Q: 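What follows is a single structure, and I will ask about it in a moment.
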Number of protein chains: 4
Amino acid sequence: MVNKRSQNGEAATLVAPGRPPRSETQTTILDAARELLADHGVHGLTVEGVAARAGVAKTTIYRRYRSKDELALAVLIDMVEDIAAIPDLDDTRGELIAFVDRAVKILGRTLMGRVMQGLVSDLATVPALAQAFRDRVVAARVAEVKRLVDRGIARGDLRADTDYELANELLFGPVYYRLFLSGGRLDSKLAPRVVDAFLAAFAPS
Amino acid sequence: MVNKRSQNGEAATLVAPGRPPRSETQTTILDAARELLADHGVHGLTVEGVAARAGVAKTTIYRRYRSKDELALAVLIDMVEDIAAIPDLDDTRGELIAFVDRAVKILGRTLMGRVMQGLVSDLATVPALAQAFRDRVVAARVAEVKRLVDRGIARGDLRADTDYELANELLFGPVYYRLFLSGGRLDSKLAPRVVDAFLAAFAPS
Amino acid sequence: MVNKRSQNGEAATLVAPGRPPRSETQTTILDAARELLADHGVHGLTVEGVAARAGVAKTTIYRRYRSKDELALAVLIDMVEDIAAIPDLDDTRGELIAFVDRAVKILGRTLMGRVMQGLVSDLATVPALAQAFRDRVVAARVAEVKRLVDRGIARGDLRADTDYELANELLFGPVYYRLFLSGGRLDSKLAPRVVDAFLAAFAPS
Amino acid sequence: MVNKRSQNGEAATLVAPGRPPRSETQTTILDAARELLADHGVHGLTVEGVAARAGVAKTTIYRRYRSKDELALAVLIDMVEDIAAIPDLDDTRGELIAFVDRAVKILGRTLMGRVMQGLVSDLATVPALAQAFRDRVVAARVAEVKRLVDRGIARGDLRADTDYELANELLFGPVYYRLFLSGGRLDSKLAPRVVDAFLAAFAPS
DNA sequence: GACTAAGCGAGACGGTACGTCGCGTCTTAAA
DNA sequence: TTTAAGACGCGACGTACCGTCTCGCTTAGTC
């Protein structure tokens, strides 16, 4: 989480003193935030609105998230936290398509797309948010790309010197380009085309 | 300009009564807006701030731009209006690299990067802005990609069925991915790598 | 007024630019404040409450009064501004009783009492308020005492060396003592008793 | 103390079970409160502030004082509890001056002045506080005035029908008038002047 | 010496109000 | 008729305290 205050690496002080925060509250807040985001877009995400909808005091929100931005990020993280691994299908193309297509679907059909659109400016601009997003989301995605690429190399489908980061950018850059700038459709045709281009570009010589 | 109100198509006979609008004002406003955007990020772009910095009354701004969003878009359009064509070098790779690298440099070194970061959320979200941006910027870029790709096809460097839109996304998606999400460096290495991957992917079979 | 911003002593800049403040608004605000003060005591005097009751935006209040304290003082000043002079009755005792009794009545029967009770702590504590109160209210009262005492001396009812300030304190101290501390009744018996004691104390030897 | 909860009127048999409250805590709390009051005025007296300064939990304070008001009153009572009697000097003027001057000094030089300034609004406004203050402080003072006046009458220095309450108000009204409203100096000249006026007013005919 | 009830520190929580910032509109007088 | 100046309504921000409510630990007593 974004502002887990006392995450002291090892040996916690046995237990935290004081009344523990209700985990239920946490959920309620994030749910309310997500709904507002969906219903009224990013301008509809106000701390006061979330408080009202969650039936929670504004202070309770500020106790957990230093600012509106942090709350927004938490919503995002909360939605993205489960970047499940793509299983080994012994089919590099299939795996990559599955991977890219999952992102396309999430961004194109769920709230995630709107959330990302709304937050991208802050993600690019506010240092704390940028850092958190890169550490949690970008890094996870690159790691998964690496796994898939490594499998592809092992199978002889990709060149051994394939650059993971560039691979990640080539595979997902077009997806976000559509989401943010061109307004292009996020449909099921996108992933195969991108993946095919990628495979052709990095086929073993 | 976005909402030049009195653009009297025909000839305004009878001269204008009253105080004439200062054409200089327009520039001053956009300059101030651009500077604020650069100095303090999106949150620093406020109508009141622009008015103060430009030494202009808020009313004057609202007479030209219906809302903050429109002003923001005007700033962007103002900066991007000159998408010059890439000259024919009889070198497909060179032309593409020049094209992509120009974007990389503009986004990486000038205010343009910050402006784009700041506006991308609105660009993706506010219909009017999205429309305007696509019509003016995205479309221009795709057209230029088409020209370059066509030249490449003619030279036998690219497959005849190369998809312009996908080409555009593969070439620029990674650039914006770095600008918006990963924070990757926008340096001179990026363009060649992206272009090489693109060329490999769409080399004639 | 407390925060009349541009009170430049002489030659104002001809006229103020911009939309002039609606004097009606001023009145509405003070009225609302006074009513709240009366209905719910000092804890009932909240800027938000006044705004709601006056049908005015909070900002409008803050544009006129820097803080809640200033608003409160304005209410007080507004109520007290008309310290009318006591007419010459050719009767020192009668004049003094009329003077003291008027204060007793105002403090005992009108909102003024509650207002004073509520504000006295800030009046004693916040330098700006203290200063303003002394300049506008205390000073006016002392001046009036001086007038009455001078007339009394001229008539031979009072000693020539009567101290105005002490006179003021002896005449009004008991009144405020009851209002603030002892809760003693502010009735029509108070003024004559205080004045008689005062006259006896300062009778010519 | 104001709200010693378990003051079981009759005999609490069976002793109290459980850990008894630390009497030391009581002191620490009142000390902290007094200091805050002195350092930052009434607005500086916050339960949270007292808790922090006293190194005590908020709960501990609320276990002893139902509200902030009660705490404030406790501070005041704590400071005022020792209204020592003025010894018989066989000198009415001297005794009265000593009495008034002691109040002047306490209010002028010790924290007591600031505490009174800070609390006077609540003292005048909150019924419970008003009651307690009158019972404990005002009454004690009037009783002492009565003793002194009675001695003065016995000595032939004062008229037999001198009104104790009015005497009290004439003697102390000016003192509080300076403390609360006029900001006049609380110095050693005040007591003699007030007492002399009082004696002159109530000299036997 | 273990049990038990209260004291106590810590901090979450729902509230109310604060004072501030920015938006977009409206009203004035001057240029 | 444009412009500068600024009042105004509005919505949200983030903060400060209030008083209440768990928590779990500590510290007396009594059994």
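Quantities reported herein were computed from a predicted structural model and do not represent experimental measurements. All chains are named by letter (A, B, ...) in the order of the sequence lines, taking the proteins before the strands, and each is independently numbered beginning at 1.
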Q: Roughly how far, to the nearest 0.5 Å, is the CG atom of D:Leu37 from the CG atom of D:Leu30?
A: 11.5 Å
Q: Rounded to the nearest 0.5 Å, how far does CG of C:Leu45 lie from CG of C:Asp69?
A: 9.5 Å
Q: For B:Lys68 and E:dC23, give me the distance from atom NZ to atom P, rounded to whole Å.
A: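 Rounded to the whole Å, the gap is 5 Å.
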Q: Just checking B:Gly49: base, sugar-phosphate only, or nothing, at a heavy-atom cut-off of under 4.0 Å?
A: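 Contact class for B:Gly49: none.
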Q: For D:His43 and E:dG19, what is the distance between atoms NE2 and P respectively, to the nearest whole Å?
A: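 D:His43 atom NE2 is separated from E:dG19 atom P by 10 Å.
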Q: Indicate, with a heavy-atom threshold strictly under 4.0 Å, whether C:Gly55 touches base, sugar-phosphate, or nothing.
A: sugar-phosphate
Q: Between atom CD1 in A:Ile61 and atom C1' in E:dT16, what is the gap in whole Å?
A: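 Computing the A:Ile61:CD1 to E:dT16:C1' distance gives 16 Å.
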Q: Which heavy atom in D:Leu73 sits nearest to a heavy atom in D:Ala132, and how many Å separate them?
A: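 Looking at all heavy atoms of both residues, the shortest contact is CD2-CB, 3.2 Å.
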Q: Would you kindly compare A:Val47 and D:Ser67 by the position of their nearest DNA chain F nucleotide and give the one closer to the 5′ end?
A: A:Val47
Q: Nearest 0.5 Å, please: how far is OG1 in D:Thr28 from CZ in D:Arg22?
A: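 D:Arg22 atom CZ to D:Thr28 atom OG1 measures 8.0 Å (nearest 0.5 Å).
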Q: Measuring to OP1 and OP2 of F:dA4, would you say a side-chain N or O of B:Thr60 lies under 4.0 angstrom away?
A: yes
Q: Would you mind reading off the distance between D:Glu24 atom CD and F:dT26 atom C1', rounded to a whole angstrom?
A: 15 Å
Q: Which nucleotide in the list F:dG9, F:dA12, E:dC13 gets nearest to the side chain of A:Thr46?
A: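 In terms of side-chain proximity for A:Thr46, the closest of F:dG9, F:dA12, E:dC13 is F:dA12.
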Q: Provide, to the nearest angstrom, the distance between the CG atom belonging to C:Asp69 and the C1' atom belonging to E:dC18.
A: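 That distance rounds to 12 Å.
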Q: Atom CG of D:Leu36 to atom P of F:dC17: distance rounded to whole Å?
A: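 Value for this atom pair: 10 Å.
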Q: With a 4.5 Å limit on heavy-atom distance, are the side chains of D:Phe133 and D:Leu119 in contact?
A: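 The answer is no, as the side chains (C-beta and beyond) never meet within the 4.5 Å cut-off.
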Q: Taking 4.0 angstrom as the limit, do B:Asp122 and B:Lys68 come out as a salt bridge?
A: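 Judged by the 4.0 Å cut-off on N to carboxylate O distance, B:Asp122 and B:Lys68 do not form a salt bridge.
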Q: How do D:Ala57 and C:Leu45 order along DNA chain E: which one's closest nucleotide is nearer the 5' end?
A: D:Ala57
Q: Nearest whole Å is fine: how far is E:dA5 C1' from D:Arg63 CZ?
A: 13 Å
Q: If you compare all heavy atoms of D:Ala38 against all heavy atoms of D:Leu111, which two are closest, and at what distance to 0.1 Å?
A: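 Minimum heavy-atom separation between D:Ala38 and D:Leu111: CB-CD2, 2.6 Å.
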Q: Without decimals, in angstroms, what is the distance between A:Glu48 CD and E:dA17 P?
A: 14 Å
Q: For nucleotides 25-29 of chain E, print each protein N/O atom paired with a nucleotide N/O atom at under 3.5 Å, atom names and distance only.
A:
{"residue": "E:dC26", "atom": "O2", "partner": "C:Arg19", "partner atom": "NH1", "Å": "3.1"}

